[in-house]
Q: 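Structure provided below as structure tokens; questions to follow.
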Amino acid sequence: MKSRHLSSRSVISIFLVLLVMFGFGFKLYDIQVVNNSFYTAQNNTVKTYTVPIEAARGEIVDRNGNSLVTNRRGNSIILDAAYFPSRSDNEARNSIILNLIKLFEKNGEEYVNNLPLVFADGSIAFTDDEKAVETMKSKDMFNLQNYATPQNCYDAMAELYGLEDYDTETALKIGGIRYELTRLLFSIENPVTIADDVSNETVAAIKENKASYLGADVETIAYREYADPTLAPHILGTVRKINADEYAELKDSGYGINDTIGESGIESAMESELRGIPGELTVTIDSNGNVSKEVTKNPVQGNTVVLTIDKDLQRLAQEKLRETCNTVSASSSAGAVVVEDINTGELLAAASYPTYNINDYYEHYSDLAKNSRKPLWNRFALGLYAPGSTFKPMMACAALEEGVINENTTFTCRGTWQYYDISFGCLNHTSHGSENVREALRDSCNIFFYNVADRLKITKMNEYGSMFGLGEKTGVEINEAAGVLAGLASAERYNRKWQMGDTIQSGIGQSDNLFTPLQLANYCATIANSGTRYDLHFVKSVINTYDGSVAETGAVVAEDLPISAGTFSIVKEGMRMVATTGAPASIFRRLDVNVACKTGTSQVRQNGEIVNNGFLISFAPYENPEISIASVIELAGSGTSTAEITSSIIDYYYSNNTDEAPAQQTGTLLN
């Protein structure tokens, strides 16, 4: 007879079963009773997404707080994946996009189309943008071979987006927007803008008829606005949408594929300050497809950048430059002018001509880029010019300091100078007679400086040229050219041998010497202040949007030149003689401020003819220098032609900056 008592193993098994049942029961009670509301909400929530909110860029103002670049509110049209049909529903997507295209065209709105395909003369063709074509064929887009034809690309697009039943022109329009969605990784976290700065009429139509424009939404954003779109466009620069390469490089720094970025000028140079801190929009979609949105982090506008330029001085410099260039040749002349504070390296004005209206840059870029006079080209920072006789003050400094001449050394000018078997001429073959260094500067005597070059030799000349920053970048924030100091290295670069005659030519600013107007202004400033060369800068300070603190740029010394005060005094006396008894004397005599200067002319070949560019470097006041000015006018014939620009700038500066009414300091003005 079997025992009725349970074994210990059975008891343990029953206990474990009861324990598990109790655990499940407790958990069920916790879910259904204790935390019912929490788990109900969790069950209803499918997913939460974070969408970035673009922050407005910081403003740009001049040294006195006058607005140069601000923001205005405008409306863009985006597609929101939370409401837009899914990728698999081509028919619904295409229908909505076509409705939007018809609305845009009816109201004259521009809409996105970066698809590099066009329909012309009855066939499909690529656009001129080779990189865009390459992107279109890539594995991330249409996944085609490099040799794919335009028709191959069109067929792939039509198949991918379900556009086979549309006529070619309509398919390309719809395909352009579909392509943009693919290219910019369209998703709930990443809405895509399809039309910028649209009219109120378009906004109203979309808001009033959501069914026809399902997934389209209106987003209010900040657009760049210019107090005067013709003022300092080469300094301020432009903004645009980030490109693929930039996004790949900057995405880890918080940039989105739809973000705006500085393209050129201060907008690019000060990108990290001008770019604000993006906000966040949290999008929640529950199990029933209901969408809710909440701003969980407000965007913060970028910092304010205070420039060193004076708005009114900048405008004057531009106007006088334009007038002078047009007087020389309204169809061919061009030029630049730079104004510098010699004691800080601050740039008070910098103009390039021909110039452009910055608002036209976006709408008419192709025309501006193709313009033969190159209005987009920044001549004061990127233009390289043989400096001509403006090089001679540097040569005088080098010769005096090295002891190859003294202030009383004279050379006799008979109009020509024989150097071995080469005959070199003086300016206009003028015979100046016996001249010392001051007189040679006044009369711009080539013969004197040929002798100086022969004694100094090219290595020593370039040693001093480098001290003055010639042939080197100035440190300015925007893109600039380095230039060229003539010598063995430049000859090798141009695949020729350096000759002794090249040294002689280099001594009067010819040969391979090529400098920017920025370099010429800074070189002149270094002479004026007796040997301190500063880094040039356009940014005076940055005002923090969050706490209002001001970070000053300050003066940065690039080099203290090992040249005696006596040498500088002699050279400045010679430059003063140019302004009082030289060619531009009649113009500078009208000023209440004493000026020192040096003219220059360099020969260039244009359309097969030899023509002259005119240069002038100057500083004022002569007794206690404060500003330097460098100007170049292409085809001017002589440096004297630029003296009216310089005279107007000096007159303005000293009429508006007096001891009785000092300019306000940035910090006190803007805080």
Q: Side-chain donor-acceptor pair under 3.5 Å between Arg533 and Asn522, yes or no?
A: no
Q: Would you say CZ of Arg414 has more than 12 non-hydrogen atoms from neighbouring residues, nucleotides or ligands within 6.0 angstrom?
A: no
Q: With Ile358 as reference, evaluate Asp228, Leu231, Thr238, Thr230 under the side chain to side chain contact (heavy atoms under 4.5 Å, CB included) test and give the passing residue.
A: Thr238
Q: Step by step, would you call Glu573 with Arg576 a salt bridge (charged side-chain N to carboxylate O under 4.0 Å, His left out)?
A: CA-CA 5 Å; Glu573 287 169 11; Arg576 173 62 180 156; over 6 Å; no
Q: Assess whether a salt bridge exists between Lys572 and Glu623, defined as any Lys/Arg side-chain N lying under 4.0 Å from an Asp/Glu carboxylate O.
A: no
Q: I would like to know whether Asn513 and Ser506 meet side chain to side chain donor-acceptor pair (under 3.5 Å); could you show each step before the answer?
A: CA-CA 7 Å; Asn513 285 312; Ser506 180; 3.1 Å; yes
Q: Salt-bridge test for Glu401 and Lys460: reply yes if a basic N is under 4.0 Å from a carboxylate O, no otherwise.
A: no
Q: Would you please say whether a donor-acceptor pair under 3.5 Å links the side chains of Thr324 and Thr327?
A: no
Q: I'd like to know whether Asp454 forms a side chain to side chain contact (heavy atoms under 4.5 Å, CB included) with Ile504, so could you lay out the CA-CA distance, the side-chain angles of the two residues, the decisive distance to 0.1 Å, and finally the verdict.
A: CA-CA 6 Å; Asp454 187 38; Ile504 305 304; 3.9 Å; yes
Q: For Ile458 versus Gly487, what's the shortest heavy-atom pair and its separation?
A: CG1-CA, 3.9 Å
Q: Could you tell me whether the side chains of Lys311 and Ser67 share a donor-acceptor contact shorter than 3.5 Å?
A: no
Q: Determine the sole option in Val69, Asn66, Val61, Leu236 for which the side chain to side chain contact (heavy atoms under 4.5 Å, CB included) test with Leu307 is passed.
A: Leu236
Q: Before you tell me yes or no, could you show the steps for Glu480 and Lys473 under salt bridge (charged side-chain N to carboxylate O under 4.0 Å, His left out), namely the whole-Å CA-CA distance, both residues' side-chain angles and the distance that decides it to 0.1 Å?
A: CA-CA 7 Å; Glu480 63 173 328; Lys473 292 187 176 182; over 6 Å; no
Q: For Ile645 and Lys320, work out which heavy atoms get closest and say how close.
A: CG1-O, 3.8 Å
Q: So which atom in Met467 and which in Leu561 form the shortest heavy-atom distance, rounded to 0.1 Å?
A: O-CD1, 3.4 Å
Q: Under the ring pair (Phe, Tyr, Trp, His ring centres under 6.0 Å) definition, can you give me all pairs with a residue in residues 337-357, not counting sequence neighbours?
A: His234-Tyr356
Q: Regarding Arg224 and Glu267, does a basic nitrogen lie under 4.0 Å from an acidic carboxylate oxygen?
A: yes
Q: List the steps and the verdict of side chain to side chain contact (heavy atoms under 4.5 Å, CB included) for Leu384 and Phe515.
A: CA-CA 5 Å; Leu384 292 173; Phe515 311 134; 5.9 Å; no
Q: For a quick test of reading the model, state the closest non-hydrogen atom pair linking Gly383 to Pro517 and the distance between them.
A: O-CD, 3.5 Å
Q: Would the number of heavy atoms belonging to other residues, nucleotides or ligands and lying under 6.0 Å from OH of Tyr362 be above 12?
A: yes
Q: So, Lys598 and Ser444: side-chain donor and acceptor under 3.5 Å apart, yes or no?
A: yes
Q: For the side chain to side chain contact (heavy atoms under 4.5 Å, CB included) test, which of Ser631, Ser602, Ser389, Pro387 pairs with Phe615?
A: Ser602
Q: Under a 3.5 Å cutoff, is there a donor and acceptor pairing between the side chains of Ser268 and Glu263?
A: no
Q: Please name all residues satisfying salt bridge (Lys or Arg N to Asp or Glu O under 4.0 Å) with Arg322, sequence neighbours left out, ordered by chain then number.
A: none
Q: Quick one, Glu346 with Glu340, criterion side chain to side chain contact (heavy atoms under 4.5 Å, CB included). Give me CA distance, side-chain angles, the key distance, then yes/no.
A: CA-CA 6 Å; Glu346 292 182 355; Glu340 176 186 348; over 6 Å; no
Q: If you measure only the distance, is there a donor-acceptor pair under 3.5 Å linking the side chains of Ser333 and Glu634?
A: no
Q: Parallel, tilted or perpendicular: which one describes the rings of Tyr622 and Phe619, with boundaries at 30° and 60°?
A: parallel
Q: Once ring pair (Phe, Tyr, Trp, His ring centres under 6.0 Å) is applied, what residue pairs with a partner in residues 564-590 remain, sequence neighbours excluded?
A: none
Q: Testing Glu439, Glu435, His432 for side chain to side chain contact (heavy atoms under 4.5 Å, CB included) with Cys413, which one passes?
A: His432
Q: Do Asp310 and Asn64 meet the criterion of a side-chain donor-acceptor pair at a distance under 3.5 Å?
A: yes
Q: What do the steps show when you test Thr474 against Asp535 for side chain to side chain contact (heavy atoms under 4.5 Å, CB included), and what is the final call?
A: CA-CA 6 Å; Thr474 66; Asp535 281 344; over 6 Å; no
Q: Applying salt bridge (charged side-chain N to carboxylate O under 4.0 Å, His left out) to Lys540 and Glu552, what does each step give before you reach the verdict?
A: CA-CA 6 Å; Lys540 187 172 181 63; Glu552 296 282 349; 5.1 Å; no
